[in-house]
Amino acid sequence: QVQLVESGGGLAQPGGSLRLSCAASGFSFSSFAMSWVRQAPGKGLEWVSGIESDASDIYYTDSVKGRFTISRDNAKNTLYLQMSSLNAEDTALYYCARVLVARGYVMDYWGKGTLVTVSL
């Protein structure tokens with residue numbers, strides 16, 4: 001069965017960095033686009049970044065452009081999000097999600113999330 005397990009969250013200082021990982025199993029990882037989505041405390045879901053199956057196309061929401069880098073290692077079935085220049089507004093539960101391109105970019109499987117807290 002499909003499993004997505006995020007890791008790498010924790011406490012970071014403003015201006016600091018964190019690297020999130022998402023370990024995928026139960027499906028052909030290299031055949032699927034993937035996304036990162038986050039949810040700040042008390043807020044709704046916000047799509048953060050997406051990457052095509054072969055990393056040929058990469059997208060970011062405006063608020064993280066220039067600070068976050070999405071990548072993937074298909075040989076390791078792992079998705080990454082390198083986050084730099086963190087600020088308090090980046091505090092959120094970060095999810096990775098599988099993307100079904102042929103079904104209209106539906107995100108059909110999600111991990112449980114990893115919490116990122118940016119604070120002094």
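- Residues passing the side chain to side chain donor-acceptor pair (under 3.5 Å) test with Asp73, sequence neighbours excluded: none.
- The distance from the OG atom of Ser21 to the CZ atom of Arg72 is 13.5 Å, given to the nearest 0.5 Å.
- Leu79 and Tyr60 fall within the same hydrophobic cluster, defined by Ile, Leu, Val, Met, Phe, Trp and Tyr side-chain heavy atoms under 4.5 Å apart, directly or through other members.
- Phe27 and Phe32 have their aromatic ring centers within a separation under 6.0 angstrom.
- Taken together through direct or relayed side-chain contacts under 4.5 Å among Ile, Leu, Val, Met, Phe, Trp and Tyr, Leu86 and Leu11 form parts of separate hydrophobic clusters.
- Distance alone, capped at 3.5 Å, is enough to place a donor-acceptor pair between the Thr91 side chain and the Val118 backbone.
- Between Arg38 atom CZ and Leu45 atom CG the span is 11.5 Å, to the nearest 0.5 Å.
- Using a 4.5 Å heavy-atom threshold, the side chains of Met107 and Ser35 count as touching.
- The CZ atom of Phe68 sits 9.5 Å away from the OG atom of Ser17 when rounded to the nearest 0.5 Å.
- When atom types are taken as modelled, the side chain of Glu6 and the backbone of Cys96 share a donor-acceptor pair closer than 3.5 angstrom.
- Going from atom OG1 of Thr69 over to atom CE of Met83 covers 11.0 Å, rounded to the nearest 0.5 Å.
- Residue Ser49 comes nearest to Leu81 through the heavy atom pair CB-CD1, 4.5 Å, listed as atom of the first residue, atom of the second, then distance.
- Under the rule for a side-chain contact (heavy atoms from CB on, under 4.5 Å), the partners of Asn77 that lie at least two apart in sequence or sit in another chain are Phe29.
- In the hydrophobic clustering of this structure, Tyr94 groups with Ile58; members are Ile, Leu, Val, Met, Phe, Trp, Tyr whose side-chain heavy atoms approach within less than 4.5 Å, directly or through other members.
- Across every non-hydrogen atom of Val101 and Ala33, the tightest pair is CG2-CB, 3.9 Å.
- Distance CG/Asp90 to OG1/Thr117: 11.0 Å, rounded to 0.5 Å.
- Ile70 and Leu20 fall within a single hydrophobic cluster, where Ile, Leu, Val, Met, Phe, Trp and Tyr side chains are chained together by heavy-atom contacts under 4.5 Å.
- Listed by chain and number, the residues in a ring-ring contact (aromatic ring centres under 6.0 Å, His included) with Trp110 are Tyr95 (sequence neighbours excluded).
- Under a 3.5 Å cut-off, the side chain of Arg98 and the backbone N or O of Tyr109 do not form any donor-acceptor pair.
- Here SG of Cys22 is found 5.0 Å from CH2 of Trp36. Values are rounded to the nearest 0.5 Å.
- Taking a cutoff of 4.0 Å between a charged side-chain nitrogen and a carboxylate oxygen, Arg103 and Asp108 do not qualify as a salt bridge.
- For the pair Asn74 (side chain) and Asp54 (backbone), a donor-acceptor distance under 3.5 Å is absent.
- Hydrophobic clustering (side-chain heavy atoms under 4.5 Å, transitive across Ile, Leu, Val, Met, Phe, Trp, Tyr) groups Leu100 together with Ile51.
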- Task: Take Glu52 and Tyr59 through the side-chain contact (heavy atoms from CB on, under 4.5 Å) test and state the conclusion after the steps.
- Result: CA-CA 9 Å; Glu52 297 297 328; Tyr59 305 93; 4.2 Å; yes
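- Side-chain contact between Leu4 and Met34 is present, with at least one heavy-atom pair separated by less than 4.5 Å.
- The two residues Ser30 and Ser53 have their closest heavy-atom pair at O-CB, 3.2 Å.
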